[in-house]
2 protein chains.
Amino acid sequence: MLEALVKSGKALSAYEIRDYCCNQLGYDLLPMSVYRILEFLENNDLVHRLNTSSKYIACSHITCPHDHEPPQFLICKSCHRVEEVSMPDRVIKTVTQATRLAGFQLASKQLEIDCYCTECTLTKDTSA
Amino acid sequence: MLEALVKSGKALSAYEIRDYCCNQLGYDLLPMSVYRILEFLENNDLVHRLNTSSKYIACSHITCPHDHEPPQFLICKSCHRVEEVSMPDRVIKTVTQATRLAGFQLASKQLEIDCYCTECTLTKDTSA
DNA sequence: CGCAAGGTCGTTATAACGTAACATTCTGCA
DNA sequence: TGCAGAATGTTACGTTATAACGACCTTGCG
Ligand SMILES: [Zn+2]
Ligand SMILES: [Zn+2]
Ligand SMILES: [Zn+2]
Ligand SMILES: [Zn+2]
């Protein structure tokens, strides 16, 4: 399944992962198994779940030796490209502060941000 | 439907709205209708969709005369309370900058932030 | 008026996402 | 070996969302 996500190079839904495994890799998985394996992969920071789209993506740092830090995602509204980034501390700090000001406590540093990627921005500009 | 959302005072799924309308208000709606009406309400900033939970919530500023600004939501992971806030400009600015640095262009200023609300923070603390 | 183009709304069916519940098998240990 | 608990398989179902089609109504024009 991790192979499926890495090879596809994009975010896939649980059922798309299942189809990929079945069609390309010859593994016939039931939905339950897919979700159980995803849970394991997530717990080990090999895969991230994108809450806003209910999809899953291979971590960009799978091969890195360092510990994994809470990721932020830039998600293209148009082509659905996903970029896993580490935002500057300053960003997280201001968000944390603003949250605390409202009386809440930040529970996760994962952010998912609605964007247009470079290519889609260009396309939009020229067509407009 | 707007009445249902306002009266319930929390985020509801499309089907929960439907049930509320049917049971409390005597309107028997089919799913398609619910989604069509929600689309209209969203376009008019009377209702917001929470992408991370696939639920819908009445705008906190329904009665305000001013134009609606892109909302940010603090969402309690534990009790699911939702607070619609306007984060300081500084926050949006740093996010926008960081996004641009990564080569992307911010598409929406709506943010959904994973939190614990005041009450749940307290509960957690005392029980721990 | 009579008719057609285009819009809204009702209805059915189904796709897509996710989990509860229970059976079976595996594994480690007394 | 016999047992407990964990992992895995399997079925069925719940939840969220949309496609597709048709009924109806409105509106603009000959
Ligand atoms: Zn990662
Ligand atoms: Zn793009
Ligand atoms: Zn609002
Ligand atoms: Zn709470």
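Below, read A as the first sequence line, B as the second, and so on, with proteins coming before strands; counting in each chain starts at 1. None of these values were measured; they are calculated from a predicted model.
Note on A/E119 versus A/R81: salt bridge recorded, some NZ/NE/NH1/NH2 to OD/OE distance being below 4.0 Å.
Rounding to whole angstrom units, NZ of residue A/K55 and C1' of D/dT16 are separated by 15 Å. Atoms OH (A/Y35) and P (C/dA20) sit 12 Å apart, rounded to a whole Å. Here D/dA23 presents its P atom at 17 Å from CG of B/L30, a figure rounded to the nearest Å. Distance A/M32 CE to D/dT11 P: 14 Å, rounded to the nearest Å. Regarding A/L12, its CG atom lies at a distance of 14 Å from the P atom of C/dA16, rounded to whole Å. We find that CG of B/N51 is positioned 15 Å from P of C/dC17, with the value rounded to whole Å. Computed from coordinates, the A/I37 CD1 to D/dA7 P distance equals 14 Å when rounded to whole Å. Nucleotide C/dG18 holds its P atom 11 Å from the CD atom of A/E16, rounded to whole Å.
Outside the 6.0 Å centre-distance limit, the rings of B/H61 and B/H48 are not counted as a close aromatic pair.
Put simply, B/S54 has no side-chain N or O that comes within less than 4.0 Å of OP1 or OP2 on C/dC17. Residue A/S33 places none of its side-chain N or O atoms closer than 4.0 Å to OP1 or OP2 of D/dT8. At D/dA17, one or more side-chain N or O atoms of B/R49 fall inside 4.0 Å of OP1 or OP2 (strictly under the cut-off). Between A/Y56 and the phosphate of C/dG18, there is a side-chain N or O to OP1/OP2 separation shorter than 4.0 Å.
Formation of a donor-acceptor pair under 3.5 Å by the B/T52 side chain with backbone atoms of A/T52 is not found in this model. Under the 3.5 Å distance criterion, the side-chain polar atoms of B/E112 are matched with a main-chain donor or acceptor of B/N51. Within the 3.5 Å criterion, the main-chain N or O of B/R49 finds a donor-acceptor partner in the side chain of B/Q110.
Residue side chain B/Y15 reaches the base of D/dA17 through a donor-acceptor N/O pair under 3.5 Å, judged by distance alone.
Among the heavy atoms of the strands, none lies under 4.0 Å from B/F40. Among the heavy atoms of the strands, none lies under 4.0 Å from B/R18.
Mapping A/R36 and A/S13 onto DNA chain C via the closest heavy atom, the residue that lands nearer the 5' end is A/S13.
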